[in-house]
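In what follows, a single structure is set out as structure tokens and then discussed.
Order of the sequence lines sets the chain letters (A, B, ...), proteins ahead of strands, with each chain counted from 1. The basis for the numbers below is simple: all heavy atoms, side chains too, and nothing from hydrogens, waters or symmetry mates.
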Amino acid sequence: DTGVSQNPRHKITKRGQNVTFRCDPISEHNRLYWYRQTLGQGPEFLTYFQNEAQLEKSRLLSDRFSAERPKGSFSTLEIQRTEQGDSAMYLCASSRDRAGVKTQYFGPGTRLLVL
Amino acid sequence: DQQVKQNSPSLSVQEGRISILNCDYTNSMFDYFLWYKKYPAEGPTFLISISSIKDKNEDGRFTVFLNKSAKHLSLHIVPSQPGDSAVYFCAARAQGAQKLVFGQGTRLTINP
């Protein structure tokens with residue numbers, strides 16, 4: 001049973017650089033979500049996909065952030081011109097699109113540190 | 001605007017006793033609630049959920065209670081075990097929405 005996987009697990013970058021994270025959801029799940037978690041807080045929603053369509057984006061997702069899910073399978077989250085405030089844990093989750101099924105299953109996260 | 005609140009940042013319980021974690025919410029459109037457990041350097045792990053049409057759901061040592069009139073839910077763990085030591089997050093989902101709204105978390109420590 002393969003869960004949600006995320007790569008890399010850790011990323012250290014310098015301010016102003018671009019970074020890209022990858023998420024592979026559970027194979028039969030067609031919904032994919034990105035969240036961000038900062039120290040002492042719960043995860044905050046960023047965006048979600050149903051298959052390849054990006055259906056909702058949070059106001060937290062500034063124009064420096066872009067997410068894609070080109071073939072409805074894995075997803076990438078790119079941050080351009082990183083800032084120190086982008087330092088956080090970036091979490092990916094997936095779920096099935098089925099009536100009554102509302103549980104999202106999370107991956108291990110990618111911890112980003114912007115110096 | 002914190003729609004889901006966990007007012008206790010930490011809780012310490014003796015092994016074998018009951019742990020009770022609390023969560024309050026403000027949005028009356030929330031109709032589904034979940035509890036997640038998180039170890040350091042790992043993603044949240046789903047524990048148990050409850051729909052707003054119920055007031056209790058039980059799964060082994062874990063029971064979630066929902067009081068809609070008070071907009072309050074609680075997670076009971078009994079008996080508590082050392083492996084239960086983690087941060088617990090309450091999350092809610094509004095009717096028709098996909099995103100989860102999380103509380104700030106409660107760090108549970110089980111003492112031997």
Side-chain angles (χ1 to χ4, degrees), chain A residues 3-10 21 23-26 29-51 53-61 88-111 113, chain B residues 1-10 21-25 27 29-54 57 59 62 64 66 75 86-107:
Chain A
V4 178
S5 62
Q6 293 186 246
N7 287 289
R9 294 291 308 275
H10 304 273
F21 310 141
C23 170
D24 288 88
I26 294 170
H29 288 185
N30 64 337
R31 287 184 173 155
L32 186 148
Y33 312 81
W34 286 98
Y35 291 82
R36 181 174 71 184
Q37 184 178 16
T38 53
L39 199 61
Q41 300 297 317
E44 295 175 289
F45 172 79
L46 293 177
T47 188
Y48 106 91
F49 292 83
Q50 180 159 322
N51 300 312
Q54 188 174 17
L55 296 185
E56 186 176 352
K57 293 198 297 185
S58 161
R59 288 172 297 176
L60 292 175
L61 212 66
M89 173 78 87
Y90 289 84
L91 294 162
C92 177
S94 69
S95 70
R96 295 185 186 195
D97 178 13
R98 190 176 291 181
V101 178
K102 301 183 181 183
T103 301
Q104 296 178 19
Y105 295 90
F106 283 82
T110 295
R111 182 168 294 283
L113 178 60
Chain B
D1 179 23
Q2 192 73 30
Q3 298 184 65
V4 178
K5 295 181 182 179
Q6 295 176 255
N7 291 317
S8 298
S10 62
L21 297 104
N22 294 303
C23 178
D24 297 293
Y25 63 96
N27 189 342
M29 295 300 291
F30 288 150
D31 69 347
Y32 197 77
F33 304 88
L34 308 92
W35 284 94
Y36 286 85
K37 170 182 177 180
K38 188 178 186 299
Y39 293 119
E42 294 184 12
T45 300
F46 170 71
L47 275 178
I48 192 169
S49 61
I50 187 166
S51 165
S52 61
I53 62 173
K54 296 185 175 181
N57 189 26
D59 184 1
F62 302 92
V64 55
L66 175 62
L75 174 68
V87 178
Y88 289 77
F89 291 98
C90 167
R93 187 176 126 162
Q95 189 177 17
Q98 289 300 319
K99 70 179 183 183
L100 296 180
V101 180
F102 283 82
Q104 309 96 307
T106 296
R107 180 176 300 279

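A:Q37 touches chain B through its side chain: at least one heavy atom from C-beta onward sits under 4.5 Å away, while N, CA, C and O do not. Both the backbone and the side chain of B:Q98 have a heavy atom closer than 4.5 Å to some heavy atom of chain A. Heavy atoms of B:L100 lying under 4.5 Å from chain A belong to its backbone as well as its side chain.
Side-chain atoms of B:T45 and B:Y39 form no donor-acceptor pair, as typed in the model, at a separation below 3.5 Å. Side-chain N/O atoms of A:Q104 and A:Y35 include a donor and acceptor closer than 3.5 Å.
Taking the six-membered ring where the residue is Trp, B:F30 and B:F33 present perpendicular rings, their angle passing 60° and hence far from 30°.
Note: A:P43 leads A:P108, A:S58, A:G109, A:P43 in heavy-atom pairs under 4.5 Å with chain B.
Looking only at side-chain heavy atoms (C-beta outward), B:Y25 and B:C90 stay at 4.5 Å or farther from each other.
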